[in-house]
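Report on one structure; see the data block that follows.
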Amino acid sequence: MAQCDPAGFETLRADLIEDCIRHSSKRNQRRLRGLQFVIEARRRVARSPMAAVLEIQAMMYESLFGLHQALMGGSRTGNSPALTRARVLPFRRHPSPGD
């Protein structure tokens, strides 16, 4: 269909996406619309359809990696909660020339 009727394919694609978002829970609809906006923006600025697919795939993997890190107890920056503890050193006040 994408080759025979590109305009019809795009209309069908948009309708199916809208239908899916509309039938999701109310609390997820705003997030899904935001995600769809980002995906559409990436598609528009991509050099080619293949570049768009690779860009969107990279977004998906980044999201999956973040979820994996969260589930494993780490964070996106690679700092685990155990590594965020530090010993606080007191500052010593040096006398200034006017003291």
Side-chain angles (χ1 to χ4, degrees):
M1 182 175 187
Q3 291 177 348
C4 299
D5 183 12
F9 176 77
E10 286 302 317
T11 300
L12 178 62
R13 185 183 67 78
D15 289 346
L16 290 173
I17 291 169
E18 179 58 33
D19 187 56
C20 182
I21 293 173
R22 202 174 34 253
H23 285 93
S24 69
S25 69
K26 293 291 182 193
R27 66 186 178 110
N28 287 332
Q29 286 184 12
R30 183 175 177 176
R31 172 74 177 123
L32 290 172
R33 289 194 192 286
L35 181 59
Q36 185 59 27
F37 176 82
V38 171
I39 290 169
E40 292 300 325
R42 300 270 174 107
R43 287 183 71 227
R44 276 192 300 275
V45 300
R47 298 179 315 275
S48 67
M50 182 56 77
V53 167
L54 293 174
E55 182 75 25
I56 294 165
Q57 181 185 29
M59 287 173 46
M60 182 183 66
Y61 280 120
E62 182 180 319
S63 179
L64 183 62
F65 179 72
L67 178 60
H68 180 263
Q69 290 295 101
L71 290 173
M72 298 307 290
S75 67
R76 294 189 131 196
T77 60
N79 295 334
S80 69
L83 296 176
T84 58
R85 288 187 231 133
R87 191 171 126 220
V88 178
L89 301 174
F91 286 97
R92 289 185 222 145
R93 188 167 191 267
H94 295 288
S96 59
D99 285 350

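We're numbering straight along the sequence, starting at 1.
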(message) Distance check, rounded to the nearest 0.5 Å: Arg27 atom CZ versus Leu32 atom CG?
(response) 11.0 Å

(request) Taking side-chain hydrogen bond (donor to acceptor under 3.5 Å, both in side chains) as the test, write out the residues that go with Arg13, two or more places apart. (result) Glu10, Glu40

(message) Are the side chains of Val45 and Glu55 in contact, using a 4.5 Å heavy-atom criterion?
(response) no

(request) State, with a plain yes or no, whether a side-chain heavy atom of Asp19 is found less than 4.5 Å away from one of His23. (result) yes

(message) Does atom CZ (Arg33) have a neighbourhood of more than 12 heavy atoms from anything else shown, all under 6.0 Å?
(response) yes

(message) For Ala52 versus Arg43, what's the shortest heavy-atom pair and its separation?
(response) CB-CA, 4.0 Å

(message) Strictly distance-based, threshold 3.5 Å: is any side-chain N or O of Thr11 a donor or acceptor partner for the main-chain N or O of Ala7?
(response) yes

(request) Verify, without hydrogens or angle tests, whether Gln36 (side chain) and Ile17 (backbone) share a donor-acceptor contact under 3.5 angstrom. (result) no

(request) Treating Ile, Leu, Val, Met, Phe, Trp and Tyr as nodes and any side-chain heavy-atom pair under 4.5 angstrom as an edge, say whether Ile56 and Val38 lie in one connected cluster. (result) yes

(request) Might you confirm whether atom CZ of Arg47 has over 12 heavy atoms from other residues, nucleotides or ligands at distances under 6.0 Å? (result) no

(message) For the CE atom of Met59 and the CG atom of Leu35, what is their distance to the nearest 0.5 Å?
(response) 5.5 Å

(message) Quick check against the 3.5 Å criterion: does Ser63 have a side-chain atom that pairs as donor or acceptor with the backbone of Met60?
(response) no

(request) Identify whether Phe9 and Leu16 are in the same connected component of the hydrophobic contact network (ILVMFWY, side-chain heavy atoms under 4.5 Å). (result) yes

(message) More than 12 heavy atoms of other residues, nucleotides or ligands under 6.0 Å from CE of Met1: yes or no?
(response) yes

